[in-house]
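The block underneath contains the structure these notes are about, expressed in structure tokens.
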Amino acid sequence: MPEHFEIQDSFISEQNQTSKDWVEEDFAHLARKLRRQNVDIGDLVAKAGNFRVAIPSWGVGTGGTRFARFPGEGEPRDIYEKLEDCGTIFKLVRSTPAVSLHIPWDKPDDPVRLREFAQERGLHFDAMNSNTFQEHPGQRHSYKFGSLTHPDPAVRAQAIEDNLECIEIGKTLGSKAHTVWIADGGNFPGQQCFRRALERYLESMREIYAGLPDDWRIFMEHKFYEPAFYSTVINDWGTSYYCARELGPKAFCLVDLGHHAPNVNIEMIVARLIQFGKLAGFHFNDSKYGDDDLDAGSIKPFQLFLIFNELVEAELSRLPNFKPAYMLDQSHNITDPIESLMMSAVELTRSYVQAHLVDRAALTDAQEKCDPLMALNILKQAFTTDVTSILAVARERSGGAVDPIRAYRDSSYRKRKSEERPAQKGAVASGIV
Ligand code: LRH
Ligand code: MN
């Protein structure tokens, strides 16, 4: 049995040598260009180097739709192999040391051993995710008609239990946050009493909130539809915000970019939640129609930039306890999940660095002088600045790959994993679909 293949640091620095010329040339050119704007490129390299985004454990397996799932080679078969792949992503892009687990998909037999296994790969655990939207082995009550808002108090109690168990596991793993997304809703008019369902949600969430350790936060994730196709209990940011206010200072609203109706102004929702002190953070992805869970920045990169423009504005104005949690939440149906997750982490860092290029004094001046075109131009100048060399230098300086995708492909990591992880008919590391 081949031992577990890992990409070596020496291989990465060899790879980086081959990109040295273009990086230095582009970096020097950009440094001159930014100096004309009184911007020190070194500051931006530091910003890029400090940017962090968590990897969803369910993202390293191949995703699918209700129509089909096309398993990829060398799929991770359990949480340890998922962490191996998360370790490889971190080794190459250096901005993803945290992994977000989903329970029971990733329920560890030995959480202490899992924590050590992660630490050996420089990884730690980000927000936990409960799952009361599927039936679980040995479960007494079905979640077919809901969980935390189900009419039957026994089902609600079971769902509360599932969340408290998730928090318990998270405490052993060193996590500091718990994300609650529920599928509860209706497919038919009249199926649910909207007000009673929301009251039951708050009643159940109060019990989960009471089980939170003092230094933890709870993130409520809204979604306007699916799997319920007529009404969803926590359908939008307003309902989520009301609940966060009702629950208390440890409750916040998590924004999954795919959970909004087409053309909704998400950057404005972000500005509201920042202003109200209730922004939990994000599940970053992209979409064209519904909750497509496509790669972040692949469809609407300008929207992603505008969201980071709001986040950087808040960061620079040193808002009290502004500590948004950044996570990816994607489904990789036709690409190598490791490549998509690396590319997405890079695109988030790109939007973050570009948002730090916005001339904020000039923008405020244009806004106060009702000069819309100048305001847009100031944003576009930052958005159209190619910061690729800054991102590459930041990765290289923190031991990562200048060109993560090429380094990954040249390492033949996936091929080696397909030898180590022979596909077992039907056996997939649990996750969506
Ligand atoms: C729901 C969601 C939620 C998860 C799941 C994996 O659409 O975004 O965050 O629990 O995907
Ligand atoms: Mn999500």
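What you see is a predicted model; the values in this text were computed from it and never measured. Just follow the structure's listing: the first ligand is 1, and inside any ligand the first atom is 1.
- The Mn ion (ligand 2) is closest to atom OD2 of D256 (considering only N, O or S atoms).
- Classified by interplanar angle (parallel below 30°, tilted 30° to 60°, perpendicular above 60°), the ring pair F282/F284 is parallel.
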Residue pair H102, N129: steps toward the side-chain hydrogen bond (donor to acceptor under 3.5 Å, both in side chains) verdict: CA-CA 5 Å; H102 221 296; N129 295 269; 4.7 Å; no
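- Each of the atoms 4 (C), 6 (C), 10 (O) of ligand 1 lies under 4.0 Å from some heavy atom of H102.
- Taking a 4.0 Å cut-off on heavy atoms, E226 fails to register as neighbouring ligand 1.
- Residues H124 and Q119 have side chains that never bring a donor and an acceptor to within less than 3.5 angstrom of each other.
- In D256, the part holding a heavy atom less than 4.0 Å from any atom of ligand 1 is the side chain.
- Rounded to 10 degrees, the OD2-metal-OE2 angle spanning D329 and E221 at the Mn ion (ligand 2) equals 170°.
- The existence of a salt bridge linking K417 and E420 is confirmed by a sub-4.0 Å separation between a basic side-chain nitrogen and an acidic carboxylate oxygen.
- Ring planes of H260 and H222: perpendicular class, angle over 60° (limits at 30 and 60°).
- Side chains of S142 and E135: a donor on one and an acceptor on the other come within 3.5 Å.
- Set against the non-hydrogen atoms of D329, the atoms of ligand 1 under 4.0 Å away are 2 (C), 3 (C), 8 (O), 9 (O), 11 (O).
- Counting atoms of ligand 1 from 1 in the listed order, those under 4.0 Å from a heavy atom of W58 are 6 (C).
- Residue contact check: H283 has heavy atoms under 4.0 Å from atoms 9 (O) of ligand 1.
- Inclusion of W105 in the set of residues having an N or O under 3.5 Å from an N or O of ligand 1 is not warranted.
- There is a side-chain donor-acceptor pair under 3.5 Å between D410 and Q15.
- Ring geometry for F117 versus Y80: interplanar angle over 60°, hence perpendicular rather than tilted (30 to 60°).
- Counting atoms of ligand 1 from 1 in the listed order, those under 4.0 Å from a heavy atom of D291 are 7 (O).
- The N, O or S atom of H283 with the smallest distance to the Mn ion (ligand 2) is ND1.
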